[in-house]
Amino acid sequence: MTEPPKPAPGETGRVPSGDCPFCAIVAGRAPARIVRRWPDSLAIVPLSAVTAGHTLVIPKTHVADIGVDPLVAADTMRRAAELAAEFGACNIITSRGELATQSIFHLHLHVLPRRHEDGLLLPWSPGVLGARRVAAREPERQVPAETAAFRPPFMG
């Protein structure tokens, strides 16, 4: 099995100094309102829920973010998808790195049930920059040949 890719220094994969708050919850050293337990993950109520039913899904294994260990990330997403199936309309959101607003460097997925007029505004909306403006400012990332078959249609 190959090693997961190493993150660029200062961008992702950072483990916070001191004790990881989610590891402390998993170990039973910190309080949390646990709403679901699986062998590999926990679902907890966040301290600052933004919608009714807002839930965090965290792996029991410390992984800094979604890009560090794809297998742990996939297992955690599977658990989030199980919750999403119960909620109906919802967003599943995660961040990777400080530039993407990650503040706790232990993989966590927000499952956000949505309702009409719930007041939650996402930090982006389609068309704000427009595909042409983004394409003009950012060079296209090179995709290795072995993954080119998985290129989504919107990438051209």
Side-chain angles (χ1 to χ4, degrees), residues 1-126 128 141 143-144 146-155:
M1 187 158 155
T2 63
E3 287 286 317
K6 300 287 185 236
E11 289 185 13
T12 60
R14 190 180 93 201
V15 177
S17 59
D19 200 15
C20 170
F22 291 152
C23 287
I25 290 169
V26 168
R29 296 188 316 267
R33 192 164 141 217
I34 299 172
V35 296
R36 184 81 45 91
R37 292 178 193 270
W38 296 278
D40 55 0
S41 305
L42 293 176
I44 63 173
V45 176
L47 294 176
S48 300
V50 297
T51 65
H54 181 179
T55 307
L56 295 179
V57 179
I58 60 173
K60 290 182 176 179
T61 301
H62 182 86
V63 172
D65 61 53
I66 198 161
V68 172
D69 187 326
L71 295 177
V72 172
D75 288 340
T76 307
M77 178 57 86
R78 177 176 47 137
R79 302 312 184 183
E82 291 172 8
L83 289 177
E86 296 173 19
F87 288 144
C90 66
N91 294 107
I92 299 175
I93 300 172
T94 192
S95 299
R96 182 171 195 242
E98 290 177 32
L99 291 176
T101 71
Q102 184 177 6
S103 59
I104 297 177
F105 290 83
H106 182 119
L107 172 62
H108 56 288
L109 284 75
H110 296 261
V111 182
L112 301 148
R114 302 306 302 268
R115 292 164 187 79
H116 287 287
E117 300 178 20
D118 61 17
L120 179 62
L121 299 175
L122 293 178
W124 67 86
S125 40
V128 170
R141 199 179 79 163
V143 178
E146 64 271 11
T147 61
F150 299 107
R151 187 177 189 133
F154 64 83
M155 291 181 70

Using 0.5 Å steps for rounding, measure from the [atom1] atom of [X] to the [atom2] atom of [Y].
X: N91; Y: T51; atom1: CG; atom2: OG1; answer: 8.5 Å
X: C90; Y: I92; atom1: SG; atom2: CD1; answer: 5.0 Å
X: I25; Y: I34; atom1: CD1; atom2: CD1; answer: 7.5 Å
X: D69; Y: D75; atom1: CG; atom2: CG; answer: 9.0 Å

Report task. In sequence, state the C-alpha distance, the side-chain angles, and the governing distance for I93 and L109, and then conclude on side-chain contact (heavy atoms from CB on, under 4.5 Å). Result -> CA-CA 6 Å; I93 300 172; L109 284 75; over 6 Å; no

Query raised in the report: Between F87 and T55, is any pair of side-chain heavy atoms under 4.5 Å apart?
Result: yes

Query raised in the report: Under a 4.5 Å cut-off applied to non-hydrogen side-chain atoms, are T76 and I58 in contact?
Result: no

For [Y], is there any backbone N or O sitting under 3.5 Å from a side-chain donor or acceptor partner on [X]?
X: R114; Y: L120; answer: yes
X: D118; Y: R115; answer: yes
X: T61; Y: P59; answer: no

Query raised in the report: Which heavy atom in H62 sits nearest to a heavy atom in C23, and how many Å separate them?
Result: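 Smallest heavy-atom distance, with atoms named: ND1-SG, 3.2 Å.
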
Query raised in the report: What pair of heavy atoms forms the shortest contact from V63 to V72, and how long is it?
Result: CG2-CG1, 3.6 Å

**Report entry** For A81, side chain to side chain contact (heavy atoms under 4.5 Å, CB included) partners two or more places apart
**Finding:** none

Query raised in the report: So L83 and V57, side-chain contact (heavy atoms from CB on, under 4.5 Å) or not? Walk me through it.
Result: CA-CA 9 Å; L83 289 177; V57 179; 3.6 Å; yes

Query raised in the report: Looking at residues at least two apart in the chain, or sitting in another chain, which of them share a ring-ring contact (aromatic ring centres under 6.0 Å, His included) with H110?
Result: H54, H108

Query raised in the report: Do any pairs count as a side chain to side chain donor-acceptor pair (under 3.5 Å) and have a residue in residues 21-34, sequence neighbours left out, and if so which ones?
Result: D19-R29

**Report entry** Step-by-step side-chain contact (heavy atoms from CB on, under 4.5 Å) determination, T94 to L107
**Finding:** CA-CA 8 Å; T94 192; L107 172 62; 3.9 Å; yes

Query raised in the report: Got a sec, which residues hit side chain to side chain donor-acceptor pair (under 3.5 Å) with S95, two or more places apart in sequence or on another chain?
Result: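 Here the qualifying residues are T101.
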
Requested in this report: Could you please spell out the steps behind the side-chain contact (heavy atoms from CB on, under 4.5 Å) verdict for F105 and E98?
Outcome: CA-CA 9 Å; F105 290 83; E98 290 177 32; 3.5 Å; yes

Without placing hydrogens or testing angles, list every side-chain donor-acceptor pair under 3.5 Å for residues 35-42, not counting sequence neighbours.
residue	atom	partner	partner atom	Å
R36	NH1	E86	OE2	3.1
R36	NH2	E86	OE1	2.9
R36	NH2	E86	OE2	3.2
W38	NE1	E82	OE1	2.9
D40	OD1	R79	NE	3.0
D40	OD1	R79	NH2	3.4

